[in-house]
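Reviewing the structure listed below.
Here is how names work: the chains are called A, B, and so on, in the same order as the sequence lines, proteins then strands, and each is numbered from 1.
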Amino acid sequence: MGPLVAQPVEAALTGRPHPITGAPAAARTAWTCPACAAAQPLAVAREQLFVCPTCAHHARIGARQRIEHLADPDSFAEWDADLAGRDRLAFVDTRPYAERLAEAQARHRMPDALLSGAAAIGGHRVGLAAFDFSFMGGSLSAAVGERLARAAERCATLRTPFVCVTTSGGARMQEGVFSLLQMAKSVAALHTLADAHMPFISILADPTMGGSIASFAALGDVIVAEPRATIGFTGARVIAQVTHERLPADFQTSEFHHARGLIDMVVDRRQLKGRVIGLLRVLAAPGGRAGTDASAA
Amino acid sequence: MGPLVAQPVEAALTGRPHPITGAPAAARTAWTCPACAAAQPLAVAREQLFVCPTCAHHARIGARQRIEHLADPDSFAEWDADLAGRDRLAFVDTRPYAERLAEAQARHRMPDALLSGAAAIGGHRVGLAAFDFSFMGGSLSAAVGERLARAAERCATLRTPFVCVTTSGGARMQEGVFSLLQMAKSVAALHTLADAHMPFISILADPTMGGSIASFAALGDVIVAEPRATIGFTGARVIAQVTHERLPADFQTSEFHHARGLIDMVVDRRQLKGRVIGLLRVLAAPGGRAGTDASAA
Amino acid sequence: MTAVSAESGDRAASEHAPGGASPLEADAERAWARIELSRHPDRPYALDLIGRCLEDFTELHGDRQGGDDPAVVIGLARLHARPVAVVANQKGRSLEERGRRNFGMAHPEGYRKAQRLLRLAGRLQLPVLSFIDIPGAYPGVAAEERGQAWAIAQTIEAQLTLPTPYVAVVIGEGGSGGALATFLADAVLVMEHAFLTVASPETAAAILYRDAGRKRHAAAALRLEAQNLVGWGIADEVVPEPRGGAHRDWDGAARLLRPRLVHHLERLIAQGVDAARRRERYRRIDGLATPEPDAGG
Amino acid sequence: MTAVSAESGDRAASEHAPGGASPLEADAERAWARIELSRHPDRPYALDLIGRCLEDFTELHGDRQGGDDPAVVIGLARLHARPVAVVANQKGRSLEERGRRNFGMAHPEGYRKAQRLLRLAGRLQLPVLSFIDIPGAYPGVAAEERGQAWAIAQTIEAQLTLPTPYVAVVIGEGGSGGALATFLADAVLVMEHAFLTVASPETAAAILYRDAGRKRHAAAALRLEAQNLVGWGIADEVVPEPRGGAHRDWDGAARLLRPRLVHHLERLIAQGVDAARRRERYRRIDGLATPEPDAGG
Ligand SMILES: [Zn+2]
Ligand SMILES: [Zn+2]
């Protein structure tokens, strides 16, 4: 189901200690591109949405930053803020899962790896959800699945489109089959949205792997990906180990899947909000579907 | 839409003059395999269903022979015996189409290239249709399309499976777009069958090309093909001419499509009836679907 | 548009008449001139008309199964403020683009891309607009290997189950089963110099005369004039083009086309559409001598 | 079956306890013994059980799109006289067959083959039986290129819209998303020594401990006992196996399995099934600390 180990989020939120180094926020006045090492003043990097002006590398950003970027100012109203997960299996690997989870919750001030809520994008009312890869690799816990399902169902009820930005290593091993079954839960909930004829715009950011891409994330009515995001079911390292196959140069990138008809468009983060608004202009057009409702057989 | 020119049917019905040579039936006491030239007494060849005992070549057989083989004795009751076609375009190529059609009708004592009717196969009541390739290449005229559509619809009404043996060069050029639109007509009629949850068993014989395989014949719930039948959209000669591609050895054979997941099974003609009965035993099982009817949402 | 009377005169008799100016030769030349207009290298292609008739067009990509055929374009747009889903055959204009788009001839992935668009439209309750401009299904080994005939048949079925209003317009060539795959709409328009045919004139000539060079005669015999499709009940309306043909004035062609698209779309939305009525339309295609009112058993 | 109590004792604390016989080590050995039983080379595979539990099995082939994956078997059969559609993961026993069937690991074509079977079942109103025995989704370049993740997601969706009764049984390994693709039934049975897991123990160990060699500990931590699935509300019933395991007595295993298949199928047919209820089942998967009764906005 792909790796779930949390990797450093390259562009952390300001105002909090750096999640990796623990350095206070004030100390970080520059941002160094992890791909080409070009340095930018933090203010510039933030304005550029942590896309490197030198090499166009799209750094990982957190769920709150993502929402800040996509939602119209002050339009986001969080759903299920207190819906937290549980150590259902009393799971212990090298550490008890309960400890890991509590630590992540405290560090990120999030109950789990997904934020969701009502928002407006370019004036269009939507449900908006965003994964946070720094929270246990954005992995698909029962809490994440439940939040996702509720968000989709609320969109069906409210008759708004659902926009979800995924960045997820896949299943959360520590929740075992409960994690696996979130694939089914999320798809079941998306069906409610489809029953209401409301669109699901699935945005894939680096990385989207395993159980996440093999369920809800692959079922967007429109699927948008950020450039050079790693997307796939099985991680490249595992494939290489198991099969000894030589991997193509662009293997499992957004562009690789776009060329193979699996992703509708690859969009630079700096154009992303505009493209989403363009889609919403059609998909959320007033009187649009209302007109065809008369055609029900 | 593939070639429609009538080719000699290799195994003609007895009791009528040979369609190609005009020789009286009585003169033909032997059958020569067109593939390996091995000769058999006609009685043996007929008993073997015109499958060569030497090389297993499946010779083309006519619609009446096909029905005789598949239907239980005396069970076939023809539908639409007087539904004939019309020269809708006042079509003339090297000869007027009206002449060609009248001649074929007279020679074959069939109104067009398809026979259909009620039948029993192994005791199971079915609708049964069979193309005759010797009738203008088994091409898809408006009359053929109409007969096919009515047969499917009657099966829906009678709640019996529909079994169709196709051998067809594709569209009938001389009927222009009317021929083309039979692809839509046949699929529309098959939908009636699907709405009644009745199965369509599509049997492909040599050859099944063009508009026939690109519509009804490809939509069988189960698709069975005879060995080494030529099946495809565009004829191999045209492909070679246009693209100068080298064609694979087994190009457009039954086996070629079976290996590619397009055909369920390749069945020797001598086992065909038994396999169809095996399918009907499941698909036409009494109380089968009736049991699940209770489950309608 | 000059109507060609096919009923007048015995064309076969005059075929070998001395002198080049027999009625048949004149018919053939006129018929061929229309074909050449429909294939004119400066003729507006689908994206040219989409850009001029629709607003907010966003192209989508791919069949969601591993392929994205550039010969078929799909997307979302608005027509007269109304959201629509769009599917189109797209030819290329430059040498590079012609190759990339395979001269507008879809591969199996292209038909599956169209199916994906139809599913999307059904799920989001969007009306569908189709722009048809395809010389014919592609005659190639790979297309046969990947189930071209099956893909066309499945697309025919998908059109006949689409739950939303559906308008198609033939804007250039409407060749064979490839055209039928996106033709089976509730309202079918044909541009003045566009045509629908069972086979390209070249293919038809090769079959009918065993001489592809007699394409002019085949074109005349097939009676490809747009107006005939209306007379035969296959199309609803011929859309006039700017004097001399659409290639002389793309904006003018779009100004003539757009209001007819709007008219039919609004008409269908107002009257209500269901797939069963669409199936009935194609079930009732004429072409028979003695259409019997009752098809029941 | 020996139940392993996961709640008893602090396993993390005892992990590095001196001596090899810590409770954790004992847990790990017991868990691994079960995994080895489920993978036993003489264990009955799907076709072995299908042949012993069902009558009149006819295998069908292919996804109708260009592929026929031998790792997935589909067909028609009867269970206790009732017609059913069957889908199964099939491992190979001989070296040749293991290679051909890719050790039971489906490629994208295999998932599409399963989808085809589900569509067929819906159209013909046949109940579906699924036999699950898959180590996991295939880690290979070609599988990723052809959209493995998308294929799994679409198969999940197809299961959740199937209109007929659906019974699944895990007969051996139930690995990750590959298993989920044919798991989401109305009644789920698990054979005594079979399991469902979010990832193979080897993969889980590589992720959790960064050491695939600790597969035994991963197996214990993931709590893969069949009985747990029932306790957690994920499966309905554990089907006992002959003493020592199904590999010792295939006939005996089938004699224990068959009546349970019949029981659940008849139960579902009697009570009536619809896809919305099935979606509700998977929507309500537990795993949360504080399940809120009202998911509304
Ligand atoms: Zn950079
Ligand atoms: Zn022979």
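Looking at D:E59, only its backbone comes within 4.5 Å of chain B, counting heavy atoms on both sides. For D:A276, no part lies under 4.5 angstrom from a heavy atom of chain B. Neither the backbone nor the side chain of D:E266 comes within less than 4.5 Å of any heavy atom of chain B. Contacts between D:L60 and chain B at a heavy-atom distance below 4.5 Å involve backbone atoms as well as side-chain atoms. Neither the backbone nor the side chain of D:R277 has a heavy atom closer than 4.5 Å to any heavy atom of chain B.
Closest non-hydrogen pair, B:V282 versus D:P83, comes out as O-CB, 3.3 Å. Nearest approach of B:H197 to D:Q125, heavy atoms of both residues: CD2-OE1, 3.1 Å.
Evaluation of the ring pair (Phe, Tyr, Trp, His ring centres under 6.0 Å) rule for B:H191 yields no partner, not counting sequence neighbours.
Around atom NE2 of D:H80, no more than 12 heavy atoms belonging to other residues, nucleotides or ligands sit under 6.0 Å away. Around the CZ atom of B:R275, the shell of radius 6.0 Å holds no more than 12 heavy atoms that belong to other residues, nucleotides or ligands. No more than 12 heavy atoms of other residues, nucleotides or ligands sit less than 6.0 Å from atom CZ of B:R125.
B:R281 contributes atom CZ, which lies 8.5 Å from atom OG1 of D:T58 (distance to the nearest 0.5 angstrom). Summarising the geometry, atom CG belonging to D:L124 is positioned 8.5 Å from atom CE belonging to B:M198; distances are rounded to the nearest 0.5 Å.
Looking at heavy atoms from C-beta onward, D:R64 lies in side-chain contact with B:I223 at the 4.5 angstrom threshold.
For residues 126-136 of chain D, the set of pairs meeting the salt bridge (Lys or Arg N to Asp or Glu O under 4.0 Å) definition, not counting sequence neighbours, comprises D:K91-D:D133.
Taking the charged nitrogens against the carboxylate oxygens, B:D221 and D:R123 do have a contact shorter than 4.0 Å, which makes a salt bridge.
Heavy-atom pairs under 4.5 Å with chain B were tallied for D:G75, D:G66, D:G62; the largest tally goes to D:G66. Heavy-atom pairs under 4.5 Å with chain D were tallied for B:D195, B:I263, B:L262; the largest tally goes to B:L262.
Distance alone, capped at 3.5 Å, is enough to place a donor-acceptor pair between the B:D264 side chain and the D:H61 backbone.
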